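Beneath this line is the structure, given in structure tokens, with notes to follow.
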There are 4 protein chains.
Amino acid sequence: MLFNFWVVPMKSKKVAIIGASGYSGEELVKRILNHPHVELVAVTSRQNAGLTLAQVFPKFASHPLTRTLRFSEPTNIEALAQQAEVVFLALPHGVAAEYAVPLLNAGCTVIDLSADFRLRSAAVYKDFYAHEHPAPELLAQAVYGLPEVYREVIKTSSLIASPGCYPTSILLPVIPLLRAGLIKATGIIADSLSGVTGAGRKAEVDYLFCECNESVRAYGVPKHRHLSEIEEQLSLAAGTVVTIQFTPHLIPVNRGILSTLYLTPKEALTTPSEAEALNAQITACYATTYGEEPFVRVLSGKALPDTKNVTDTNVCEIAWRLDVRTGRLIVISAEDNLVKGASGQAVQSMNLRCGFPETAGLM
Amino acid sequence: MLFNFWVVPMKSKKVAIIGASGYSGEELVKRILNHPHVELVAVTSRQNAGLTLAQVFPKFASHPLTRTLRFSEPTNIEALAQQAEVVFLALPHGVAAEYAVPLLNAGCTVIDLSADFRLRSAAVYKDFYAHEHPAPELLAQAVYGLPEVYREVIKTSSLIASPGCYPTSILLPVIPLLRAGLIKATGIIADSLSGVTGAGRKAEVDYLFCECNESVRAYGVPKHRHLSEIEEQLSLAAGTVVTIQFTPHLIPVNRGILSTLYLTPKEALTTPSEAEALNAQITACYATTYGEEPFVRVLSGKALPDTKNVTDTNVCEIAWRLDVRTGRLIVISAEDNLVKGASGQAVQSMNLRCGFPETAGLM
Amino acid sequence: MLFNFWVVPMKSKKVAIIGASGYSGEELVKRILNHPHVELVAVTSRQNAGLTLAQVFPKFASHPLTRTLRFSEPTNIEALAQQAEVVFLALPHGVAAEYAVPLLNAGCTVIDLSADFRLRSAAVYKDFYAHEHPAPELLAQAVYGLPEVYREVIKTSSLIASPGCYPTSILLPVIPLLRAGLIKATGIIADSLSGVTGAGRKAEVDYLFCECNESVRAYGVPKHRHLSEIEEQLSLAAGTVVTIQFTPHLIPVNRGILSTLYLTPKEALTTPSEAEALNAQITACYATTYGEEPFVRVLSGKALPDTKNVTDTNVCEIAWRLDVRTGRLIVISAEDNLVKGASGQAVQSMNLRCGFPETAGLM
Amino acid sequence: MLFNFWVVPMKSKKVAIIGASGYSGEELVKRILNHPHVELVAVTSRQNAGLTLAQVFPKFASHPLTRTLRFSEPTNIEALAQQAEVVFLALPHGVAAEYAVPLLNAGCTVIDLSADFRLRSAAVYKDFYAHEHPAPELLAQAVYGLPEVYREVIKTSSLIASPGCYPTSILLPVIPLLRAGLIKATGIIADSLSGVTGAGRKAEVDYLFCECNESVRAYGVPKHRHLSEIEEQLSLAAGTVVTIQFTPHLIPVNRGILSTLYLTPKEALTTPSEAEALNAQITACYATTYGEEPFVRVLSGKALPDTKNVTDTNVCEIAWRLDVRTGRLIVISAEDNLVKGASGQAVQSMNLRCGFPETAGLM
């Protein structure tokens with residue numbers, strides 16, 4: 001057996017996770033524990049304070065740290081800011097913002113998985129979340145943590161608002177087409193299906209096994225909260241105000257989002273030759289945009305996205321079909337709502353911010 | 001405790017089921033066995049020939065007939081036509097038509113669950129099913145077995161083409177709106193989710209438990225076969241040619257279809273008062289159309305359709321939402337693909353044809 | 001087509017259900033609504049008081065009564081006792097007994113689905129349920145509502161304690177073998193698997209979809225509460241004190257219990273000829289006991305019980321295998337925990353008590 | 001950011017997988033692709049020959065190698081033996097042995113996931129697998145690849161028979177107790193529940209989604225093939241012939257095995273103090289045996305094994321309960337049938353054989 005020499009960095013960043021006991025927090029813990037360049041120094045949880053990581057998440061118990069690291073109450077934020085250089089907030093919206101202020105003041109990089117810093121406008125926030133924004137002065141400095149779109153600014157931002165699960169599955173396929181002028185900015189429909197982890201680890205009758213199993217239902221029709229960030233980001237990409245139709249559905253799987261997007265090509269699509277030309281343009285557009293992206297997989301041939309092919313990965317799968325009968329472009333995307341739709345994407349942003357390889361801890 | 005005397009009617013119609021071993025056939029057997037006015041006299045199945053109903057469907061073994069009635073080979077159709085007055089065909093498309101001819105000649109009422117007689121045009125059939133129609137001369141005499149739309153002609157027809165599962169979930173909510181002129185005939189999108197029984201009891205890797213569980217995927221994009229009958233029926237309702245967008249998805253439940261329909265109101269929908277007016281019109285339209293229908297349930301208040309509320313029933317649930325942000329009308333329907341989408345609806349047609357109460361065997 | 005005239009009996013018994021909003025209550029409502037000889041006159045539920053049956057259980061909304069009958073608070077029991085002749089209690093243990101006293105005093109027949117009256121000994125009750133029995137004076141008059149064992153006394157009893165789901169799946173296969181002296185009363189092991197409805201419609205994290213899906217776990221090891229009634233009934237059958245090993249498991253299905261029972265034949269089982277002889281005895285024992293039973297299905301040939309074959313039926317399936325390698329008899333049973341394990345069996349007892357056909361409303 | 005220097009070995013072993021398209025093969029591919037010390041040089045599959053790994057397993061497409069490495073026909077074994085130093089056989093029993101001979105002759109290390117080399121006796125093999133052993137001369141040189149039991153011999157063996165999924169879940173908890181003389185070698189019962197991947201990726205009706213979902217059933221009663229290796233290994237541990245009762249069940253999860261084991265303590269267990277003493281002995285026994293094992297997790301406190309806590313890990317969870325009522329010891333184990341029950345354990349053996357850290361590629 002032959003050995004080669006090479007050089008890897010030691011653990012170089014200390015990380016804390018506030019609110020680590022939900023499904024997204026759990027996936028975040030997993031990725032941080034296995035990350036080659038960071039060290040988990042603190043986790044907080046009101047309900048689990050005092051317990052070790054291994055007690056709360058038995059499945060991670062093989063990692064030695066989980067047997068010693070205990071959840072603490074999320075009270076002494078100053079002390080926590082002393083310990084950690086990067087702090088993830090896996091908290092409900094409205095609550096996250098309160099923690100962000102002292103952490104930023106203490107010099108931490110804050111990566112927020114809630115909706116609190118995803119919008120640029122406090123007024124839109126209030127419209128969709130039904131309460132005043134808790135820290136509107138920070139909105140201007142936050143960056144929307146979608147690395148495929150905001151890679152460069154993420155690298156230098158200290159407040160990263162990691163996108164929602166539905167938005168990621170919609171923005172990644174649509175933004176390139178809007179930017180390339182291949183589709184109209186009007187009439188966009190996003191029909192999305194989500195696994196039940198999307199509802200969080202909440203003890204509510206609606207999410208009991210027997211209420212979700214052998215059941216499919218739409219909810220949040222017609223004005224789901226995620227609409228606000230989807231439309232803001234699409235508007236920025238289109239250079240005009242974009243209003244979309246968005247219908248989320250709950251399906252009986254643990255994990256995964258499938259979004260079926262109904263789009264209108266800018267040029268007429270009524271003949272096979274027009275379709276062929278547009279097809280080539282879309283192929284080129286996605287190849288240019290995502291050809292080198294490690295976490296976007298554009299499918300070719302007969303393959304269509306399937307959530308089981310992205311579960312537990314940070315990948316978003318995309319495929320499309322043109323329909324000359326209706327003149328529409330249908331794009332379908334699949335992602336794991338807890339990974340590319342939440343924790344994996346947050347780690348991807350951390351990697352960019354900290355100068356780690358972008359795929360570190362995510363392959 | 002007082003008892004009354006009563007008299008039950010003799011079983012008054014003899015029924016045969018050809019191709020009874022699939023999921024739709026199984027549900028059909030169940031409903032015919034429990035039907036108060038018919039007698040099951042024959043079931044056929046190539047693969048199960050020689051076995052009793054109880055051996056093939058243990059769950060029905062409590063019914064005494066299942067222990068004596070055996071599957072026969074579907075070979076001697078003349079003999080079968082002598083035995084039965086009503087014959088259900090639960091066969092693949094292309095095969096059903098071959099059986100229909102001799103059965104009709106022998107005077108039987110034929111209720112076909114396949115696609116063979118659902119279309120009026122043999123050319124459209126060939127376009128969508130990729131082979132010549134096996135009995136084009138019968139197309140003119142077949143009636144589309146959607147009782148809520150074709151009740152009167154079903155009562156006198158000897159060849160009833162029972163609708164597909166997806167079409168039923170789309171036609172019931174859309175036809176009244178088209179007929180009432182409340183929506184445009186253009187731009188209709190149907191995004192549908194189906195349980196796995198929709199794929200039939202076929203030994204294919206794609207439908208194995210481990211390939212469907214924890215998976216969601218679209219298929220048949222953009223030109224699924226059911227489009228042909230959906231568009232034909234919508235065109236008849238609209239009085240103009242209707243082309244729709246239809247995207248079926250496979251979700252990990254045994255039974256159930258949820259269709260989310262994106263429709264455009266004929267009149268502009270941009271203000272709350274316009275929405276209020278349209279809302280009243282839709283309420284009235286559905287009340288007029290379905291107020292007395294035993295198998296269509298229009299939901300009010302905050303309720304949205306959920307497949308678990310219609311499983312094992314012959315009911316189609318419908319609800320709608322107006323979106324002044326986008327100007328669209330969203331209608332959502334839920335049904336059991338094997339009941340209202342197949343066997344229950346076929347029995348409903350039989351009830352009409354035979355003069356039984358329409359709900360007999362279906363409540 | 002010839003019609004006969006017929007006369008249906010008037011609804012002859014008025015029925016109330018106290019605590020009708022859980023999973024067992026829901027199934028009970030369904031069976032009572034469709035029962036040919038009873039009329040549902042009252043349903044109570046603290047959390048749903050004021051709502052109609054159709055609002056709480058949309059799936060029953062096709063039944064006209066559900067649109068008018070409203071849940072009431074379970075407060076005025078005297079008034080309720082005036083209205084109803086038969087009252088089902090679908091309440092937690094400890095609570096049910098409080099309602100039974102005034103109902104019995106008012107002359108009602110009480111069929112209790114809780115554990116409160118299943119045991120003959122208040123001391124054993126306290127040992128297993130950790131509180132004093134609320135009405136020990138009634139224990140002597142209660143009958144254990146397992147019709148296949150206690151049919152005759154059920155017919156004349158006013159207080160029927162309907163068995164638990166696990167006990168039913170164990171007692172039906174084991175009691176005949178004990179009575180016939182074919183197995184030893186010692187060393188019995190019952191390894192049982194239950195669907196999640198067994199845990200009730202409780203908003204607890206442990207029963208969330210994402211906690212149960214893709215999960216299997218044992219619980220209540222080694223002393224589950226149901227042991228008390230299982231052992232009491234087996235002891236009565238054996239004529240000696242029987243202590244068994246019982247391990248319940250939670251599996252990700254909505255409905256169904258599968259029990260695998262490890263039994264020891266009384267006579268040695270080491271040779272094929274001994275096995276053949278014992279096999280014949282068991283066959284005869286089950287044929288004698290259950291040959292005419294409408295709700296016990298003893299399987300023959302290669303078939304083994306499968307919960308999907310009993311779902312939504314009142315049937316318990318039983319099969320067995322002899323193992324000459326180990327000298328053991330393995331018996332396997334399957335039932336729907338909400339039907340034969342709860343509501344269906346309760347209706348079966350009502351049928352017996354009221355002089356209805358035993359299968360009324362249950363086929 | 002500070003960097004440290006350290007030294008890691010280069011990819012040092014070339015690996016081939018024969019028969020890589022089943023569920024176990026897929027998991028093996030995943031672990032080999034991500035393994036730090038090996039390089040995947042060949043994969044074979046009759047049905048997928050010519051396709052890339054990424055085409056067959058889209059979920060691995062992020063790994064660059066999957067886009068170039070293609071499945072080949074498993075025909076030219078000599079050429080393959082030239083390429084690879086370690087060859088995994090993920091083939092049906094009876095077939096694997098044919099490949100092992102030429103590979104061993106060519107000097108490869110063979111790790112066989114089939115049953116072909118798990119038994120020491122060709123006669124027992126024939127009894128359980130119903131055909132002559134294809135290469136009985138190799139049985140003596142094969143080692144049973146259960147690292148926790150055979151670590152040292154695995155390190156030097158060229159033919160490693162990786163254990164079955166059920167056997168692993170039974171042997172790991174029982175062998176230490178037998179060796180320590182804490183339990184009797186008689187009367188052992190193993191009641192096991194397996195996810196559907198255990199049946200393989202076979203297109204059979206029995207394993208369709210709709211046949212497994214909402215279903216639980218036993219199978220292979222009373223003489224499942226895995227009994228042979230379980231009993232052989234238990235006999236070796238006990239120093240006497242051990243015959244056990246084993247009942248496998250199929251439950252609707254993709255992955256996971258839960259085994260509930262009924263054991264009899266060697267010393268009487270009838271009083272709390274006897275239980276306390278035995279409890280301490282068992283605690284000590286497992287601590288001695290597994291205290292340092294990376295892939296066995298003995299639970300303490302109230303926790304019981306749950307398959308969801310071991311899914312996608314190489315860990316086997318174990319917990320136990322003493323029952324003074326019955327005198328029995330109940331031990332429960334959980335593992336992922338595809339990982340610790342198949343591919344992960346095979347990689348663990350490879351790590352030992354090749355001198356890699358035992359946990360490499362498995363954490």
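What you see is a predicted model; the values in this text were computed from it and never measured. Letters A, B, ... mirror the listed sequences (proteins, then strands); counts begin at 1.
Proximity to chain B (any heavy atom under 4.5 Å) is shown, for C/Pro58, by both the backbone and the side chain. Of the two parts of C/Glu85, neither the backbone nor the side chain holds a non-hydrogen atom closer than 4.5 Å to a non-hydrogen atom of chain B. Only the side chain of C/Glu214 comes within contact range of chain B, judged by heavy atoms closer than 4.5 Å. Only the side chain of C/Asn213 comes within contact range of chain B, judged by heavy atoms closer than 4.5 Å. Only the side chain of C/Asp312 comes within contact range of chain B, judged by heavy atoms closer than 4.5 Å.
Note that the OG atom of C/Ser62 and the CZ atom of B/Arg297 stand 5.0 Å from one another [nearest 0.5 Å]. Distance check: C/Met363 CE to B/Asn34 CG gives 8.0 Å after rounding to the nearest 0.5 Å.
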